[in-house]
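Here's the structure we're looking at; comments come further down.
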Amino acid sequence: MKLIAVPAVDFDLEMTLNSGQVFHWEKAGEGFYGTIGDRTVYIEQRGAVLGVVLEGGDLRRRREEHSNVRKRPRPTTAATASELIRHYFALDHSLDEICASFPRDTVMNKACDFCRGLRIIRQPKWECLATFICSSMKQVAHIRQISRAMRERFGEKKEICRHEVYSFPPADRLAGTSEHELRKCGLGYRAKNLLATAKRVALREANLESWSALPDVELREQLCQLPGVGAKVANCVMLFGYERIKAFPIDVWIERVLREKYFPRKRKVTSASLAEFAANYFGTHGGYAQQYLFHHARMTGKRRRKG
DNA sequence: CTCCAGGGATGAT
DNA sequence: ATCATCCATGGA
């Protein structure tokens, strides 16, 4: 299989895919297998160059269907692949400028240094929303398991480089299942919320694509009206699905970091005041700051210990 | 075995 | 407006 070379400076593929923002990429050998939308992808990194194999996709098909002239199917061009990869992995983000905008404190500096090359990627909106509805009170490893179960049960089976991958089921597919079927994916009580939200998206009562035009506050409002979506999940979807780089999700890890590092031994620090502090303190690229703090905290394993 | 996880909805103060 | 409780599941 021939690899398409995509230049990628200042990028760490493995860290990005293992940083708890996306959950379906599976490592095998030198690279990762997965999907970007309805395309199947194999991707590996060698220094500042990515090796990519890309198949599927509906752009070519759609063009043929709407064209009077029947065109012969063409393989994906290197230019198309490069464009898709650059967009998905946000290779256009200037990490230098982003890091330069962070507050200069010890905690942030350490996290920034540790997470060199970690990028906030651009995920398909529905996939991102559905996955994070499933994420509540779940460890990253288990979210991955749930994601895989839903793909295998309800997604479309595909193949890339002799590897099986499954696309994420669209909203109308999940809307057509049942809470009982969803629970078989290990969803537990989250199944009800996911089903309800899938129905609203499938019926276009919630039009995820059109919400791209909304300012942050209104987008967050709309997201929070969906079943199973509160402030935290909404911020994750804004950050990972809507390119809202300022969005600052506060989960148990981030809350711990904020309390221990930024408000040491102070009581009466409410969650609301933490959110307000974070929104003001970390600046216009707060979502990146948050992701670096999150990943650094998780990787350096600062679990609570008695004593 | 126990502990806890990228929380949200609901009902009681 | 804050606060407590419940919700299922399985990795560590």
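Quick caveat: nothing in here was measured; it's all calculated off a predicted structure. Naming convention: chains lettered A, B, ... in sequence-line order (proteins, then strands); numbering from 1 in each chain. Keep in mind that the numbers below use all heavy atoms, side chains included, and drop hydrogens, waters and symmetry copies.
Among the atoms of the strands shown, base atoms are found under 4.0 Å from some heavy atom of A:Ser19. The residue A:Gln291 sits close to a base: some heavy atom pair falls under 4.0 Å. Counting any heavy atom pair closer than 4.0 Å across all strands shown, A:Arg183 reaches sugar-phosphate atoms only and no base atom. The residue A:Ile254 sits close to a base: some heavy atom pair falls under 4.0 Å. At the heavy-atom level, A:Ala272 lies nowhere under 4.0 Å from the strands shown.
The nearest pair of heavy atoms linking A:Leu174 to A:Ala198 is CB-CB, 4.0 Å.
Side-chain atoms of A:Tyr189 lie closest to C:dC7 of the nucleotides C:dG11, B:dG8, C:dC7. Side-chain proximity of A:Met137 to the nucleotides C:dC3, B:dC4, B:dG7 is greatest for B:dG7. Nearest to the side chain of A:Val233, among B:dG8, C:dC3, C:dA12, sits B:dG8. When distances run from any side-chain atom of A:Arg256 to the nucleotides B:dA5, B:dG8, C:dG11, the shortest one goes to B:dA5. Nearest nucleotide to the side chain of A:His142, out of B:dG7, C:dG10, C:dA12: C:dG10. The listed nucleotides are C:dG11, B:dG7, C:dC3; the one nearest the side chain of A:Gln139 is C:dG11. For A:Lys138, counting side-chain heavy atoms from C-beta on, the closest listed nucleotide (C:dA8, C:dC3, C:dT9) is C:dT9. Picking from B:dG8, B:dA5, C:dG11 the nucleotide with the shortest atom distance to the side chain of A:Lys232 gives B:dG8.
Between A:Ile143 atom CD1 and C:dA12 atom P there is a gap of 13 Å when expressed in whole angstrom units. At whole-Å resolution of the value, CD1 in A:Ile146 and C1' in C:dC7 are 14 Å apart. Spacing between atom CZ of A:Arg190 and atom P of B:dA5 amounts to 13 Å, rounded to whole angstrom units. In this structure, the CG atom of A:Leu194 is 14 Å from the C1' atom of B:dG8, given to the nearest Å. The CZ atom of A:Phe132 sits 16 Å away from the P atom of B:dA5 (whole-angstrom rounding). Going from atom CG of A:Asp251 over to atom P of B:dG8 covers 10 Å, rounded to whole Å.
In this structure, B:dG8 and C:dC6 make a Watson-Crick or G-U wobble pair, each of the two defining distances being under 3.5 angstrom. Nucleotide C:dA1 is matched to B:dT13 when pairs are restricted to Watson-Crick or G-U wobble geometry with both distances under 3.5 angstrom.
The aromatic rings of A:His163 and A:Tyr33 sit parallel, their planes meeting at an angle under 30°, below the 60° perpendicular limit. Relative ring orientation between A:Phe102 and A:Tyr292 is described as perpendicular, the plane-to-plane angle rising above 60° on a 0-90° scale split at 30° and 60°.
For A:Asp251, the side chain to side chain contact (heavy atoms under 4.5 Å, CB included) test picks out A:Lys232, A:Trp253, A:Ile254, A:Phe294, with sequence neighbours left out. Not counting sequence neighbours, the partners of A:Lys184 by the side chain to side chain donor-acceptor pair (under 3.5 Å) test are A:Glu181.
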Please write out each protein N/O paired with an N/O of nucleotides 9-13 of chain B under 3.5 Å, distance rounded to 0.1 Å.
residue : atom : partner  : partner atom : Å
B:dA9   : OP1  : A:Gly228 : N            : 3.2

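The side-chain hydrogen bond (donor to acceptor under 3.5 Å, both in side chains) test with A:Ser19 singles out one residue from A:Glu14, A:Arg119, A:Gln291, and that residue is A:Gln291.
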